[in-house]
Amino acid sequence: MAKVLTSRKENYAQWYNDLVIKADLAENSAVRGCMVIKPYGYAIWEKMQAVLDKMFKDTGHSNAYFPIFIPKSFLSREADHVEGFAKECAVVTHYRLKNSENGKGIEVDDTARLEEELVVRPTSETIIWNTYKNWIQSYRDLPLLINQWANVVRWEMRTRLFLRTTEFLWQEGHTAHSTKEEAMEETLKILGIYSEFARNWMAMPVEIGTKTENERFAGAVETYSIEALMQDGKALQSGTSHFLGQNFAKAFDVTFLNKEGKLEHVWATSWGVSTRLMGALIMAHSDDRGLVLPPKLAPLQVVIVPIYKKPEQLGLIGEKVDIIMKKLVDSGISVKYDDRDTQKPGWKFADYELKGVPVRLALGPRDVENNTVEVARRDTLRKEVYPMEGIEKTVKNLLGDIQDNIYKNALDFKERNTFLVDTYEEFRHITETKGGFILAHWDGTKETEEKINQETKSTIRCIPHNHSGEAGRCMVTGKPSPRRVIFAKAY
RNA sequence: CGGGGUGUGGCGCAGUUGGCAGCGCGCGUCGUUCGGGACGACGAGGUCGGAAGUUCGAGUCUUCUCACCCCGACCA
């Protein structure tokens with residue numbers, strides 16, 4: 001078989017890049033740092049969107065859309081917020097071009113300078129809270145539960161397809177509440193949704209937890225995240241949910257009259273997942289032959305490949321395939337019959353493996369004669385011949401098995417690569433050799449966190465919610481620690 | 001913004017001492033093939049990233065410039 005991908009062992013980063021390109025998910029564009037998401041990649045993103053969108057709506061949220069441009073002055077209203085984002089903002093200064101003096105090309109018209117420059121949104125808190133001010137007067141207007149699907153721009157130094165690009169797609173939820181408790185409840189509810197989405201749809205186990213002050217969103221009181229472990233032992237922050245307290249309400253003077261007729265600032269949350277989830281999905285399951293997709297998010301769940309020598313044989317196969325297709329479609333399975341005669345079966349097998357299609361059916365003259373189908377699953381690469389009779393049940397069960405199996409594999413991997421560590425020496429050894437999640441005690445200070453980061457390149461991914469809070473002593477300073485936190489090298 | 005690297009057909013690359021721009025893949029036509037990336041024959045496709053210079057002659061030498069990739073610091 002012709003080798004298309006760099007193997008993971010050889011060079012993990014290269015494997016990822018190769019895979020994204022070769023599986024036709026995305027490519028680099030003419031604009032540095034910005035990607036073109038290709039139809040196959042976008043189809044996966046659309047599936048993710050559809051599921052998440054429903055989850056948000058089922059919990060009472062509505063979609064809306066706010067401008068891509070933010071007046072520069074808005075950004076500076078919340079001090080921490082502007083400090084966090086100032087270094088990576090694209091700024092619009094002019095609104096017109098003109099023909100160059102020398103007749104060649106086109107240039108910025110200096111006479112068309114904007115009075116107030118516009119920032120291309122790196123996130124939308126400021127424009128949204130400026131708007132919410134007019135929407136909220138009374139406790140009766142609350143809670144306000146809004147989400148938007150949008151693109152944002154963060155001018156990054158170094159980019160990688162899906163994992164970090166200058167422009168990316170995401171959803172950002174922005175909610176307003178009358179009490180602190182309710183806002184906090186919302187923040188954690190969304191964290192739960194993200195975790196459930198990762199678990200049940202992406203087949204990706206995640207750690208949920210609280211971010212340290214260092215890693216907190218600029219302008220938030222508390223940031224929570226879901227953290228996934230990639231096959232190279234590095235962590236990927238896959239979603240964040242922020243409790244914003246009254247920071248933005250105060251900055252944008254968003255107040256409401258409570259039941260007692262008293263004026264109060266509202267309580268806020270914001271939360272988001274981005275096309276980075278695509279990167280997580282790719283790295284969580286895929287192998288050296290290509291993408292492995294969970295059936296629940298695969299744009300195409302089943303592909304049927306005919307094997308034949310003569311046109312008459314193709315005709316006979318086609319008749320059987322029509323029957324199978326109908327049964328599968330009736331069972332809610334997405335299926336494609338690839339009867340192109342421009343590619344050979346072997347080529348198609350390899351190509352659909354590269355693209356991660358969960359199940360492949362092959363039908364040849366032999367199958368027509370015996371009333372059978374060859375069924376191949378992408379996750380284990382195993383092939384078996386099944387009777388045509390009841391094929392829809394066979395396939396449906398198999399899709400379920402695959403979804404479960406890749407989750408189980410990812411979970412096993414995470415467990416095998418999660419280490420309980422008590423000494424700094426051992427900590428350094430593991431970060432240098434294996435990577436993975438390391439549960440260790442930390443004294444809670446920024447100084448120690450930074451020292452560990454400097455010396456080992458590891459960061460505290462989160463203070464986990466799902467591990468016991470047994471107390472101990474900081475592995476670096478020996479000071480008391482109330483609970484273990486999760487360290488890892490991160491994307 | 002530092003360090004390293006690369007720009008030659010759609011993609012991946014070779015191009016020696018400066019002397020007719022090549023190879024593999026892909027693409028097109030025809031034929032044989034088709035149960036794990038088939039094979040043969042013929043064919044199409046290039047102002048060698050850009051500008052200036054040296055030279056009888058530049059893909060190759062000089063200077064400038066632009067772009068992209070990789071590794072770091074910053075980040076979802």
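Per chain, numbering begins at 1; letters A, B, ... match sequence-line order. Since the model is a prediction, treat every value here as computed from it, not as a measurement.
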Between [X] ([atom1]) and [N] ([atom2]), how many Å, whole number?
X      : N      : atom1 : atom2 : result
A:R340 : B:rU33 : CZ    : C1'   : 18 Å
A:M35  : B:rA76 : CE    : P     : 16 Å
A:R366 : B:rG35 : CZ    : P     : 10 Å
A:L363 : B:rC34 : CG    : P     : 18 Å
A:N453 : B:rG72 : CG    : C1'   : 13 Å
A:E88  : B:rA76 : CD    : P     : 7 Å
A:R216 : B:rA76 : CZ    : C1'   : 17 Å
A:M283 : B:rA76 : CE    : P     : 16 Å

Is a side-chain donor or acceptor of A:R121 paired with a backbone partner of A:F66 at a separation under 3.5 angstrom?
yes
Of the nucleotides [options], which one has an atom closest to the side chain of [X]?
X      : options                : value
A:R154 : B:rA38, B:rA76, B:rA73 : B:rA76
A:K344 : B:rU33, B:rG35, B:rG37 : B:rU33
A:E374 : B:rG35, B:rG36, B:rC1  : B:rG35
A:R289 : B:rG36, B:rG35, B:rG37 : B:rG36
A:E156 : B:rA76, B:rG37, B:rG35 : B:rA76

Which whole number of Å gives the distance between the [atom1] atom of [N] and that of [M]?
N      : M      : atom1 : answer
B:rC34 : B:rG10 : P     : 35 Å
B:rG31 : B:rG35 : C1'   : 23 Å
B:rG50 : B:rU8  : P     : 10 Å
B:rG40 : B:rG4  : C1'   : 45 Å
B:rC11 : B:rG46 : C1'   : 15 Å
B:rG28 : B:rC64 : C1'   : 42 Å
B:rG24 : B:rC20 : C1'   : 22 Å
B:rA67 : B:rU29 : C1'   : 38 Å

Qualifying residue, where the test is salt bridge (Lys or Arg N to Asp or Glu O under 4.0 Å) with A:E353 and the options are A:K22, A:R378, A:R360:
A:R360
Would you say a side-chain N or O of A:K87 is under 4.0 Å from OP1 or OP2 of B:rC74?
no
Does OP1 or OP2 of B:rC34 have a side-chain N or O of A:K310 closer than 4.0 Å?
no
So what does [X] touch, heavy atoms closer than 4.0 Å: a base, only the sugar-phosphate, or nothing?
X      : value
A:L236 : nothing
A:D341 : nothing
A:T459 : nothing
A:F217 : nothing
A:S274 : base

Please compare A:T166 and A:K383 by the position of their nearest nucleotide in RNA chain B and report the one closer to 5'.
A:K383
Atom [atom1] of [X] and atom [atom2] of [Y]: how far apart are they, to the nearest 0.5 Å?
X      : Y      : atom1 : atom2 : value
A:E46  : A:D53  : CD    : CG    : 12.0 Å
A:M35  : A:L163 : CE    : CG    : 9.0 Å
A:D379 : A:D287 : CG    : CG    : 9.5 Å
A:D18  : A:L354 : CG    : CG    : 10.0 Å
A:L277 : A:W170 : CG    : CH2   : 12.0 Å

Checking A:H174, A:H61, A:H242 against A:W271 for ring-ring contact (aromatic ring centres under 6.0 Å, His included), the one that qualifies is A:H61
Worked check of side-chain contact (heavy atoms from CB on, under 4.5 Å) between A:R276 and A:F162:
CA-CA 5 Å; A:R276 176 179 255 201; A:F162 290 121; over 6 Å; no
N/O to N/O distances under 3.5 Å, protein versus nucleotides 68-70 of chain B:
from   : atom 1 : to    : atom 2 : distance (Å)
B:rC68 : OP2    : A:R32 : NH2    : 3.3

Given that both pair distances must be under 3.5 Å and the pair must be Watson-Crick or G-U, what runs of three or more consecutive pairs involve RNA chain B?
B:1-7 with B:66-72, B:10-13 with B:22-25, B:27-32 with B:38-43, B:49-53 with B:61-65
N/O donor-acceptor pair, side chain A:E353 with base B:rG36, under 3.5 angstrom
yes
Measure distances between side-chain N and O atoms of A:R360 and base N and O atoms of B:rG36, and say whether any donor-acceptor pair falls under 3.5 Å.
yes
Salt bridge (charged side-chain N to carboxylate O under 4.0 Å, His left out) between A:R461 and A:E215, worked out
CA-CA 8 Å; A:R461 299 322 305 151; A:E215 302 273 330; 3.7 Å; yes
Set of residues satisfying salt bridge (Lys or Arg N to Asp or Glu O under 4.0 Å) with respect to A:K348, sequence neighbours excluded
A:D338
Test side chain to side chain donor-acceptor pair (under 3.5 Å) on A:Q301 and A:K296; report intermediate values, then the result.
CA-CA 8 Å; A:Q301 294 172 311; A:K296 285 181 171 181; over 6 Å; no
